[in-house]
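As the structure lists them, so they are numbered: ligands from 1, and atoms in each ligand from 1. Computation of the quantities below employed the complete heavy-atom set of this structure, encompassing side-chain atoms and omitting hydrogens, waters and symmetry-equivalent molecules. This is a predicted model, so every value here is computed, not measured. Residue indices begin at 1 and follow the sequence shown.
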Amino acid sequence: MNNKSTPKDKTLHILILHGPNLNLLGSREPQHYGKTSLESINAMLEEEASKHNAELRILQSNHEGSLIDALHQAIGWADGALINAGAYTHTSIALHDALRAVGFPAVEVHLSNIYAREPFRHHSYIAAACIGQVSGFGARSYLLGLHGLIAHLRET
Ligand code: DQA
């Protein structure tokens, strides 16, 4: 551990962002995204966060600008962010720039394995602005991403 580490007794503040169409999880293309609703994923994340002394701020939006606004509004509050940018992953230089601008680390997550799908999903504009990526484990991707982020925040 170096002197940048966050002691376990400090509550971590983590922003969770869900991008476009993820409000339909549960019924949306279950062959790709599974049958777990967004509400259940959020409940899983809240439960896990409470075990690790972390507090979550959760937003789902179908609008690119609202996701960027949420990142800006988290400056000064968030220690880190977990983001599934949905299709904006593959299109948004603005989200890349926002992730770089806010100054707190982010982890990119995807339910599906974006590299095993159509070629247009193989490139992520936000990956280079994130500390890491979890892709392909269904709803569990979020938990793995949360663990990775918390470990990063507590240990690095
Ligand atoms: C997704 C993958 C994206 O390609 C897609 O546009 C989504 C969901 C995923 O979680 O697997 O909306 O981010």
Side-chain angles (χ1 to χ4, degrees), residues 12-52 54-75 77-153:
L12 291 174
H13 293 148
I14 297 176
L15 177 68
I16 310 282
L17 290 180
H18 305 284
N21 300 306
L22 295 170
N23 52 310
L24 299 181
L25 282 181
S27 59
R28 175 193 179 201
E29 298 189 273
Q31 72 279 15
H32 289 304
Y33 305 120
K35 292 187 178 159
T36 310
S37 67
L38 190 62
E39 204 180 21
S40 305
I41 288 174
N42 288 338
M44 269 166 35
L45 288 171
E46 289 284 13
E47 194 187 332
E48 205 54 29
S50 68
K51 290 183 199 158
H52 294 273
E55 201 178 290
L56 305 182
R57 183 186 286 179
I58 303 179
L59 175 80
Q60 186 279 327
S61 178
N62 295 322
H63 306 277
E64 189 176 13
S66 302
L67 297 167
I68 292 167
D69 286 344
L71 282 164
H72 292 182
Q73 282 154 13
I75 294 172
W77 178 84
D79 297 297
L82 194 64
I83 177 165
N84 183 350
Y88 290 139
T89 304
H90 318 297
T91 63
S92 182
I93 298 169
L95 261 179
H96 169 108
D97 285 350
L99 286 163
R100 282 215 191 277
V102 292
F104 50 78
V107 169
E108 173 182 2
V109 301
H110 299 284
L111 297 128
S112 62
N113 177 357
I114 57 173
Y115 304 101
R117 299 184 60 197
E118 305 96 317
F120 64 82
R121 293 184 206 278
H122 295 183
H123 180 257
S124 166
Y125 274 102
I126 67 168
C130 290
I131 57 166
Q133 185 194 68
V134 182
S135 177
F137 295 94
R140 197 167 283 125
S141 287
Y142 283 94
L143 286 181
L144 295 169
L146 184 66
H147 284 156
L149 179 62
I150 289 173
H152 173 87
L153 293 172

Next on the checklist: So that I know where these two stand, are His110 and Tyr115 an aromatic pair - ring centroids less than 6.0 Å apart?
Outcome noted: no
Checklist entry - What distance do Ile58 atom CD1 and Ile14 atom CD1 have between them, rounded to the nearest 0.5 Å? => result 10.5 Å
Checklist entry - Can you list every pair that meets salt bridge (Lys or Arg N to Asp or Glu O under 4.0 Å) and has a residue in residues 108-135, with sequence neighbours left out? => result Glu118-Arg121
Next on the checklist: As a test of reading the model: which residues have a non-hydrogen atom less than 4.0 Å away from ligand 1?
Outcome noted: Arg28, Tyr33, Asn84, Gly86, Ala87, His90, His110, Leu111, Ser112, Ile114, Arg121
Checklist entry - Please, which pairs that meet salt bridge (Lys or Arg N to Asp or Glu O under 4.0 Å) have at least one residue in residues 77-100, sequence neighbours excluded? => result Lys10-Asp79
Checklist entry - Residues in ring pair (Phe, Tyr, Trp, His ring centres under 6.0 Å) with Phe137, at least two apart? => result none
Next on the checklist: Using 30° and 60° as the class boundaries, would you call the ring planes of His90 and Phe120 parallel, tilted or perpendicular?
Outcome noted: perpendicular
